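Model, not experiment: these values are computed from the prediction. Values below: every heavy atom of this structure, side chains too, minus hydrogens, waters and symmetry copies. Quick note on labels: first sequence line is chain A, next is B, and so on, each numbered from 1.
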There are 2 protein chains.
Amino acid sequence: MAEVGRLAGVSQVTVSRALSSPEKVSPETLRRIRDAVNQTGYVPNAVAGALASSRSKLIAALVPSITNIFYSSSLQAFSDIMREQGYQIMLSETGFDPEREEAAIAAHLSRRPDAIMLTGVRHSAAARRMLLNAGIPVVEVWDLTETPVDCCVGFSQGAAAEAAADLALASGYRHAVTVTAGNERAQRRRDAFAARFETAGHGPVERIDLGPSATLGLGREALAQLVERGLRPGTVVFCSSDQFAHGILVEAAARGLAVPKDVAVIGFGDQDFATATEPALTTIRIDRQALGQAAATALIQRFAGFPGLDPVHDVGFELVRRGSA
Amino acid sequence: MAEVGRLAGVSQVTVSRALSSPEKVSPETLRRIRDAVNQTGYVPNAVAGALASSRSKLIAALVPSITNIFYSSSLQAFSDIMREQGYQIMLSETGFDPEREEAAIAAHLSRRPDAIMLTGVRHSAAARRMLLNAGIPVVEVWDLTETPVDCCVGFSQGAAAEAAADLALASGYRHAVTVTAGNERAQRRRDAFAARFETAGHGPVERIDLGPSATLGLGREALAQLVERGLRPGTVVFCSSDQFAHGILVEAAARGLAVPKDVAVIGFGDQDFATATEPALTTIRIDRQALGQAAATALIQRFAGFPGLDPVHDVGFELVRRGSA
DNA sequence: GTGAAAGCGCTAACAT
DNA sequence: ATGTTAGCGCTTTCAC
């Protein structure tokens with residue numbers, strides 16, 4: 001920066017000004033400085049800038065898994081908006097593990113991000129403490145709570161599952177099975193669905209709990225298992241993800257079972273393939289883009305000094321009825 | 001840090017040592033410093049550390065799209081290894097756009113990362129210049145070139161597509177159609193497949209070029225279109241992604257077409273569902289984990305001072321023959 | 001509109 | 001094993 005200044009015949013400070021607030025520098029000087037920047041191939045050092053100004057223009061983002069479309073697509077929407085505002089994203093995966101999350105939070109906070117985005121509202125006590133001490137905006141996504149660290153953007157997992165149960169009951173299904181991936185959010189939906197279904201006097205709800213990742217193949221196996229146990233007529237299967245639901249459709253077709261007559265299926269997520277399966281999936285749609293955008297907006301508002309604005313933002317869900325239930 | 005030192009009765013430098021190289025500090029002092037750290041809730045400032053040491057422990061990673069499982073899963077493997085080594089990831093998406101890539105490179109380099117991972121080997125001239133000037137290790141993934149900026153880890157898109165064409169020819173298919181997503185890597189595979197197929201005297205290869213994202217629904221539409229045009233017996237469809245291939249299977253089933261008899265399908269990617277479709281997908285498997293890991297390893301070797309080690313690393317591909325072709 | 005001086009919170013080099 | 005000194009490359013403040 002000093003060298004650029006020498007070339008342009010000004011001091012180092014003026015170069016700094018020309019780069020960060022060009023309007024404070026005379027047009028003529030600005031021109032000379034820009035020429036000098038191009039000549040030298042000068043690349044500003046944002047590390048030094050961050051240290052001097054204590055604004056890093058970095059946002060920390062923590063997601064359980066980047067390969068899970070739920071999180072990657074909301075993160076995409078989030079980071080698109082942040083990038084437009086001149087922020088960059090530091091990313092970590094937590095693998096649904098509070099301890100890994102805690103370690104990641106510590107690591108990220110040491111880099112002095114201007115804000116942090118977390119997935120979920122359950123964090124270790126130490127994590128909460130660090131976040132509070134950091135004194136930066138924090139947004140928690142994908143869940144709702146009355147007591148966010150700072151603010152949260154999500155929807156009620158329980159309400160979504162209950163809506164699915166209500167649809168199933170209203171459609172006359174009297175036996176229900178849940179097919180659930182091994183993560184806490186999915187399990188909460190499973191429990192809420194089962195509770196609602198059983199409260200209506202139709203239970204017990206059968207549970208099939210599967211591994212951490214929701215795949216088509218596991219969905220197929222789940223139906224195969226159900227059939228072997230003896231599939232009762234009027235059964236509806238509530239899946240923690242559209243992948244499972246799709247697997248059930250494929251297995252049903254392979255076995256000559258009619259959907260929804262022999263077995264009905266409700267998915268979760270309304271992923272891109274949900275309209276294109278045979279039959280199309282009845283599922284719970286989450287607007288993942290809107291979720292990510294709302295999270296970004298919440299942070300930007302906080303930067304602008306509206307810290308009190310809607311600490312809890314419910315983006316809702318939509319039960320989309322198609323052919324499978 | 002100074003305050004921690006005061007509490008522990010040592011100078012600020014000793015605290016710095018205790019934190020970064022504990023073995024250089026006496027056990028007793030170390031204990032006192034650790035106590036003081038816990039008491040104060042001190043969080044180290046990695047920004048200042050990076051400025052002073054000119055090592056940021058940050059890695060920049062640029063991918064076309066984070067929602068695309070090809071890139072997200074290799075990125076996951078990459079960042080897992082990097083995290084183990086104490087590095088954190090700054091992420092940007094380029095949307096397959098060289099200009100966006102150039103802007104992202106400039107933005108990331110100003111943060112002085114210790115290394116940078118790029119997707120693909122085609123970059124703007126300005127981007128190449130910046131990367132070279134940065135003087136840090138650079139790894140380009142998902143493609144191979146004789147002239148990497150620094151080193152590359154990938155496979156030959158052309159060779160993979162040619163292997164698929166050879167399989168199709170050997171299996172006796174005499175008409176071929178390509179179904180391709182709108183990105184440059186997919187298009188190179190399409191062209192290589194068509195060239196090989198036509199060179200064998202069986203052409204022309206029909207092309208169906210689709211939008212940027214590969215979905216099941218678009219795959220269905222592609223087959224619908226083909227059937228309307230008149231599907232010739234002995235046709236094989238080469239897809240740029242397993243999603244398209246799966247869509248073709250679904251549409252074929254809906255129309256009562258037998259696979260591979262009435263129409264054969266070759267996918268790309270060997271995604272998790274490829275074994276579970278009906279019939280299972282014949283596809284090209286890329287070990288995305290291995291790719292990400294190799295990229296991380298290449299950078300780590302460079303950090304350790306083996307700059308000359310294998311500038312070009314071919315992770316290969318595997319043609320997996322299942323039921324669909 | 002521009003410059004001089006101070007300092008952000010660390011690490012590196014050297015000294016003890 | 002520990003301390004002293006000098007900076008890393010910027011931004012901030014204050015002066016002109």
Side-chain angles (χ1 to χ4, degrees), chain A residues 1-34 36-37 40-58 86 88 106-114 133-136, chain B residues 1-34 36-37 40-58 86 88 106-114 133-136:
Chain A
M1 202 174 243
E3 199 201 321
V4 171
R6 215 171 305 129
L7 244 158
V10 295
S11 77
Q12 172 266 334
V13 226
T14 306
V15 179
S16 171
R17 281 199 194 94
L19 264 36
S20 46
S21 28
E23 74 284 359
K24 292 186 176 168
V25 162
S26 81
E28 164 57 14
T29 312
L30 191 56
R31 200 192 46 68
R32 289 209 318 280
I33 290 175
R34 290 209 166 130
V37 165
T40 52
Y42 166 75
V43 179
N45 185 327
V47 178
L51 181 62
S53 68
S54 48
R55 281 176 293 101
S56 62
K57 284 278 177 177
L58 275 175
Q88 276 175 76
H108 279 117
L109 288 183
S110 77
R111 303 230 120 100
R112 298 296 189 267
D114 288 345
N133 286 340
I136 55 174
Chain B
M1 203 174 240
E3 199 201 321
V4 171
R6 215 172 305 129
L7 243 158
V10 295
S11 78
Q12 172 264 335
V13 228
T14 307
V15 180
S16 171
R17 281 199 195 93
L19 266 34
S20 46
S21 29
E23 74 285 357
K24 292 187 178 167
V25 162
S26 82
E28 163 59 13
T29 313
L30 191 56
R31 200 192 46 69
R32 289 210 316 279
I33 289 176
R34 291 210 165 130
V37 165
T40 52
Y42 166 74
V43 179
N45 185 327
V47 178
L51 181 61
S53 67
S54 49
R55 280 177 295 98
S56 63
K57 284 278 178 177
L58 274 175
Q88 277 174 77
H108 279 118
L109 289 183
S110 77
R111 303 234 122 99
R112 299 292 189 267
D114 288 345
N133 286 340
I136 55 174

Student: By a strict heavy-atom criterion of less than 4.0 Å, which residues belonging to residues 4-16 of chain A are in contact with DNA chain D?
Tutor: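 Listed by number, they are Gln12(A), Val13(A), Ser16(A).
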
Student: Is any side-chain heavy atom of Leu51(B) closer than 4.5 Å to a side-chain heavy atom of Val47(B)?
Tutor: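 Result no, sub-4.5 Å side-chain heavy-atom pair not found.
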
Student: Please classify the nucleic acid contact of Ser26(A) as base, sugar-phosphate, or nothing, using heavy-atom distances under 4.0 Å.
Tutor: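 The answer is sugar-phosphate, as Ser26(A) gets under 4.0 Å only of primed atoms, P, OP1 or OP2.
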
Student: Which is the 5'-most and which the 3'-most nucleotide of DNA chain C that has an atom under 4.0 Å from a heavy atom of chain A?
Tutor: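 On DNA chain C, the outermost contacted nucleotides are dG1(C) to dG9(C).
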
Student: Taking side-chain hydrogen bond (donor to acceptor under 3.5 Å, both in side chains) as the test, write out the residues that go with Thr29(B), two or more places apart.
Tutor: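 Partners of Thr29(B) by the side-chain hydrogen bond (donor to acceptor under 3.5 Å, both in side chains) criterion, ordered by chain and then number, come out as Ser26(B).
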
Student: Starting at atom CZ of Arg17(A), determine the distance to atom P of dC10(D), rounded to an integer number of angstrom.
Tutor: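 So the CZ-P distance, Arg17(A) to dC10(D), works out to 15 Å.
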
Student: Please list, one pair per line, the donor and acceptor atoms closer than 3.5 Å that link side chains of residues 1-9 of chain B to other protein atoms, with sequence neighbours excluded.
Tutor:
none

Student: When you match Val25(B) and Arg55(A) each to their closest nucleotide on DNA chain D, which lands nearer the 5' end?
Tutor: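 It is Val25(B) whose nearest nucleotide is closer to the 5' end.
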
Student: By the 4.0 Å heavy-atom rule, please label Ser53(B) as base, sugar-phosphate, or nothing.
Tutor: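 Ser53(B): backbone/sugar contact only, no base atoms under 4.0 Å.
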
Student: Want to settle it: does Glu23(B) or Ala48(A) sit nearer the 5' end of DNA chain D, counting the closest nucleotide to each?
Tutor: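 The answer here is Glu23(B).
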
Student: Any idea which heavy atoms bring His108(A) and Pro113(A) closest together, and the distance?
Tutor: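 Of all heavy-atom pairs spanning His108(A) and Pro113(A), the closest is O-CD, 3.1 Å.
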
Student: Whole Å only: how far is the CG atom of Leu51(B) from the P atom of dG7(D)?
Tutor: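 Distance check: Leu51(B) CG to dG7(D) P gives 14 Å.
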
Student: According to side-chain hydrogen bond (donor to acceptor under 3.5 Å, both in side chains), who are the partners of Asp114(A), at least two apart in sequence or on a separate chain?
Tutor: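 For Asp114(A) the side-chain hydrogen bond (donor to acceptor under 3.5 Å, both in side chains) partners, ignoring immediate neighbours, are Ser56(A).
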
Student: Once you round it to whole Å, what is the distance between C1' of dT2(D) and NZ of Lys24(B)?
Tutor: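 Distance check: Lys24(B) NZ to dT2(D) C1' gives 12 Å.
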
Student: At their closest point, which heavy atom of Val25(A) faces which heavy atom of Ala18(A), and how far apart are they?
Tutor: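 Here Val25(A) and Ala18(A) meet closest at CG2-N, 3.8 Å.
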
Student: Do any N or O atoms from the side chain of Thr14(B) and from the backbone of Val10(B) form a donor-acceptor pair under 3.5 angstrom?
Tutor: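 Looks like no, no N/O pair under 3.5 Å.
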
Student: Enumerate the salt bridge (charged side-chain N to carboxylate O under 4.0 Å, His left out) contacts for residues 23-33 of chain A, please, sequence neighbours excluded, ordered by first and then second residue.
Tutor: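 Pairs touching residues 23-33 of chain A that pass the test: Glu28(A)-Arg31(A), Glu28(A)-Arg32(A), Arg31(A)-Asp35(A).
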
Student: For Ile33(B) and dA1(D), give me the distance from atom CD1 to atom P, rounded to whole Å.
Tutor: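 Rounded to the whole Å, the gap is 13 Å.
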
Student: Between atom CE in Met1(A) and atom P in dG7(D), what is the gap in whole Å?
Tutor: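 Taking atom P of dG7(D) as the reference, CE of Met1(A) is at 20 Å.
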
Student: May I have the distance from Arg112(A) (atom CZ) to dT11(D) (atom C1'), rounded to whole angstrom?
Tutor: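 Distance, rounded to whole Å: 17 Å.
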
Student: Within this structure, what is the CZ-CG distance for the pair Arg111(A) and Leu58(A), rounded to the nearest 0.5 Å?
Tutor: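 One gets 9.0 Å once the value is rounded to the nearest 0.5 Å.
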
Student: If I take atom CD in residue Glu28(B) and atom C1' in nucleotide dT2(D), what distance separates them, rounded to the nearest angstrom?
Tutor: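 In whole Å, dT2(D) C1' lies 14 Å from Glu28(B) CD.
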
